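I have placed the structure first, in the form of structure tokens, so that the comments after it can refer back to it.
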Amino acid sequence: MCAILPVTVAHANKVNWEDQELIEVVGQTPLSGYGVDNSQVNASLNADDLSLANANSLARLLDSELLSVSINDVQNNPFQPDVQYRGFTASPLLGLPQGLSVYLNGTRFNEPFGDTVNWDLLPMSAFDNVSLISGANPLFGQNTLGGALSLRSKTGFSFTENKLTLQGGSFGEKGATLESGGNNGEWGYYVNASLYEEDGWRDFSPTEVKQLFGTLSRKTDDSSTQLTLALADNDLIGNGAIPVDLIPHEGRDAIYTRPDQTLTNLIFVSLAQEWELNDNLQLAVNLYYRENEIETYNGDDSDYEECDVGFGETLCEEGEEDDDDDDDDFDGDDEVIVDDDDDDDDGDADDIPVQFVGYLPNTALEDISDIDPDELDGTANTSLTKNRSYGASFELHGKAQRMHTHNWVFGGGIDRANIDFNSATEFAILDNDTAEDTRGVTGVGLFDAGSEVFLRTDVTHYHLLLSDSVQLSENWQVWASGRFNRSEIKMMDQIETGEGSLNGDHTFNRFNPAVGAQYQRDALTVSASYSQSSRTPSPAELSCADEDDPCKLPNGFVADPPLEQVVTDTLELRASWIKDNLELAGAIFHSNSKDDIIFQQAGDRPSVGYFVNVDKTRRQGAEFAARYNFDTLSVGASASFLDATFQSDYTAFSPQNPLGGNRQVQAGDTIPGQPDMQLGLDFDWQVMNNLLLDMSVSYTGGQYFRGDEANENRQLGGYTVVDVSATWQLTEALKLGLRVDNLLDKEYETFGTYGEADEVLEGIYDDIESTEFVGVGAPRSISAFVSLVF
């Protein structure tokens, strides 16, 4: 954790302090570059920083290099963690409130269905700059509640080599990347082909990532053009959290049920054009088309059980039992009452049998299969999301000299997405008879009609933005900006219509402002800002917002009561002092969110539940960083503190909470899943001209389990991780690298949640009692690379 605020590079030793000049604020926008205005840039990593980090996953790079960023290893796959910044989240998984926006070369990269971010779609080595813009900057649009991440790729003008990189390491890690770039002064090209594989340190957790990325650029005296192409075809397996009671028996690399597989496929094309109309006026236009598929296959235990309803033995979905039953458990469906008395041949009037896909209602399992209903103790939940999105945006940048110098921006755009989502639940046999079994599922070809979903969604976002930055004097600058957003979300159920269908037509409008001021004199820079941003409920959230009929993410959605859009207001004060070889920086922030959207767990598994608005939440904290450069040694230290709390009372359903469901959350209770403190210390030692050693020590504080919003149970403990790396430039063309993550092999957990484990593990182990599930941290791993420039 070595980022410095608000300098443009993460490691201060790469800055020539004598060349520091006055920062002229010209306005941060998605289409603008970041070499001029750093007023709201939290940290920036350039191509050299990215190369030295030697990371495969962008998410893990952000965690290790940028201040106030942490990850939750929900899936224990390097490409699927939740990235958290100042208490806001960007995650590839549905079920979390998405509060960070991500841009690639000016194009928003969040998925249109759930605002999620798939970190596996872009190769790390293709980035020329990664910038984190702090605060609720309205100019970056939807779900920029905590900040925005801007990714700028290499071009034939920034990369002019042919380079081959080979890597390998622990747990079957191996990969290869081939890069080539160049230009003739007017035209430039860049191509990046990357392949990565690993077995994974968890059991049955292989990953394969294939990526192709390229840019074609043209520069003239008064214009520039960039065509970007990104392709990906990936197979990720991340088998998720495990019960704490399973660890003593099978170790930290064990899995609970399997597989949890995600297949991603991407075709992305964008065209960026800039014209210098005159000395004081520039026009930027961005066009893009994106087509991608996300397919999941999740092996789980079963929410169904054997029952007899009068026309034969079949399956019924579990539901509430009688109030006088001491073992009463809510599993997420208020409408289904299950009779467990198999001796009642006449059935029970309250039993609702499963309707099988392709068969008439009231068809018993024994009429269509020879399998005993009691043997179907697992499910294979599948989903397929097809996204087709396209859009256009423009920005007109101008400079006017009146009483003061004004740098203004006017822009607008439209984004459209057509989304097909379908999911199904297949009945399966779970391999869990003995401790030697792998707890995988085998589908039997029969599906539950009640869990089948086919939803078509059309999403349209319009926006207009305006920004003006004014140079009042040599030392003072002020700015004001605003953005108007209009979102239209139309959902069409392709299975059923009428009451209970997924049909919906929603429109959201919002204008968000921002103002700020900056003072700079000699080594000191101080800025203060107020900003507001919002996000509309995503189609995934709108389709899963009924507490009376929870869904199984990402495998089912229900009729939707409308959700309100989230609005976040942020106050931020920043200061930095740079002189000679010393840099000091700090920030204090205070963010209030209205109608925050959260996921209420409402079943035996963490993925069963629904989305709701919570009236008020707050995220506030402080960040500090320092770096000193000696002749051959650079030492950096950082600290961040976060107070993320609910600011209104509500009832958290959380049926698997150790104290029971329906917990009363009070204003001031801490939001789970967020570490309260992060401390970092790093050393860069240039041992010789061609040998660089790096060591980082990072501490992450404790956090509450998800599902313990009332803060009544134990927290996960904090943990310290030590990473070391070495880079050796053997020749001008040949470089070697070695990296050891978690050098001391620390055992730790990055997040916790609640679930029901005893049904799957019953009869195998006698001491499975706790409902705690944890995301275990990765053990010590070693990786090496060799790169050749030719």
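Note that the structure is a prediction, hence the values are computed from the model and not measured.
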Smallest separation among heavy atoms of Ser648 and Val614, with atom names: OG-CG1, 3.7 Å
Under 3.5 Å donor-acceptor, Gln518 side chain and Thr525 backbone: no
Contact check, side chains of Gln703 and Asn72, non-hydrogen atoms, under 4.5 Å: yes
Mutual orientation of the aromatic rings belonging to Tyr650 and Phe646 [parallel < 30°, tilted 30-60°, perpendicular > 60°]: perpendicular
Reported OG-to-CD distance for the pair Ser101 and Gln142, which is rounded to 0.5 angstrom: 9.5 Å
Heavy-atom check, side chain of Leu571 versus side chain of Phe589, under 4.5 Å: no
Nearest-0.5 Å distance, OG of residue Ser57 to CG of residue Leu122: 11.0 Å
Identified side-chain contact (heavy atoms from CB on, under 4.5 Å) counterpart of Ile597 within the set Gln98, Glu541, Glu564, Gln565: Glu541
Sidechain-backbone polar pair: Asn292 side chain, Leu266 backbone, donor-acceptor under 3.5 Å: no
Under 3.5 Å: donor-acceptor pair, side chain of Ser576, backbone of Ala585: no
Result of checking Arg619, Lys616, Arg618 against Asp596 for salt bridge (Lys or Arg N to Asp or Glu O under 4.0 Å): Arg619
Euclidean distance, Ser527 OG relative to Trp479 CH2, rounded to 0.5 Å: 5.0 Å
Polar side chain donor-acceptor pair, Thr645 to Gln647, under 3.5 angstrom: yes
Side chains of Ser134 and Arg574, donor plus acceptor under 3.5 Å: yes
Gly238 to Gln75 - nearest heavy-atom pair and separation: O-NE2, 2.8 Å
Test item: side-chain donor near acceptor, Asn512 and Ser534, under 3.5 Å: yes
Tyr754 and Asp708: CA distance, side-chain angles, deciding distance, side-chain contact (heavy atoms from CB on, under 4.5 Å) verdict: CA-CA 9 Å; Tyr754 299 123; Asp708 188 21; 3.5 Å; yes
Short side-chain donor-acceptor distance under 3.5 Å, Tyr704 and Asp669: no
Shortest non-hydrogen contact from Gly775 toward Ala241: N-CB, 4.2 Å
From CA spacing to verdict: side-chain contact (heavy atoms from CB on, under 4.5 Å), Phe705, Asn713: CA-CA 8 Å; Phe705 282 66; Asn713 302 306; over 6 Å; no
Close side-chain approach of Leu466 to Asp468, heavy-atom, < 4.5 Å: no
Validation row: Asn77, Thr262 side chains within 4.5 angstrom (heavy atoms): no
Rounded distance [0.5 Å steps], OG in Ser150 versus CD1 in Ile133: 5.0 Å
Closest approach of Asn110 to Val102 (non-hydrogen atoms, all atoms of both residues): OD1-N, 2.9 Å
Qualifying residue, where the test is side-chain contact (heavy atoms from CB on, under 4.5 Å) with Val459 and the options are Ser538, Pro112, Pro539: Pro539
Any side-chain heavy-atom pair of Thr568 and Val566 under 4.5 Å: yes
Donor on one side chain, acceptor on other, Asn129 and Ser131, under 3.5 Å: yes
Side-chain heavy atoms of Val130 within contact of Leu62, under 4.5 Å: yes
Worked check of salt bridge (Lys or Arg N to Asp or Glu O under 4.0 Å) between Arg86 and Glu623: CA-CA 10 Å; Arg86 292 185 174 182; Glu623 303 165 340; 3.0 Å; yes
Pairs touching residues 481-490 that satisfy salt bridge (charged side-chain N to carboxylate O under 4.0 Å, His left out), sequence neighbours left out: Arg486-Glu488
Main-chain N/O of His463 paired to Asn485 side chain as donor or acceptor, under 3.5 Å: no
Spacing of OG1 belonging to Thr460 relative to CD1 belonging to Ile414, to within rounding of 0.5 Å: 6.0 Å
Donor on one side chain, acceptor on other, Ser153 and Asn105, under 3.5 Å: yes
Short side-chain donor-acceptor distance under 3.5 Å, Thr296 and Ser383: yes
From CA spacing to verdict: side-chain contact (heavy atoms from CB on, under 4.5 Å), Phe484, Tyr462: CA-CA 8 Å; Phe484 173 77; Tyr462 305 92; over 6 Å; no
No-hydrogen, no-angle side-chain donor-acceptor test under 3.5 Å, Glu111 and Asn118: yes
Residue pair Ser487 / Thr536: nearest heavy atoms and the distance that separates them: OG-CG2, 3.5 Å
Asp676 vs Leu642 side-chain heavy atoms within contact, under 4.5 Å: no
Closest approach of Asp73 to Thr750 (non-hydrogen atoms, all atoms of both residues): N-OG1, 2.7 Å
Aromatic Phe599 / basic Arg706 pairing, under 6.0 angstrom, 45° off normal: no
Heavy-atom donor-acceptor pair, Gln80 side chain to Leu93 backbone, under 3.5 Å: no
Pair Thr457-Phe421, side-chain contact (heavy atoms from CB on, under 4.5 Å): steps then yes or no: CA-CA 8 Å; Thr457 303; Phe421 175 87; over 6 Å; no
Whether Tyr288 and Phe268 hold their rings parallel, tilted or perpendicular, with breakpoints at 30° and 60°: parallel
Test item: Gln600 and Glu709 side chains (from C-beta on) under 4.5 Å apart, heavy atoms: no
Flag, side chain of Asn137 to backbone of Leu139, donor-acceptor distance under 3.5 Å: yes
Ser68 side chain vs Ser640 backbone, donor-acceptor pair below 3.5 Å: no
Nearest-0.5 Å distance, CG of residue Leu104 to CZ of residue Phe127: 6.5 Å
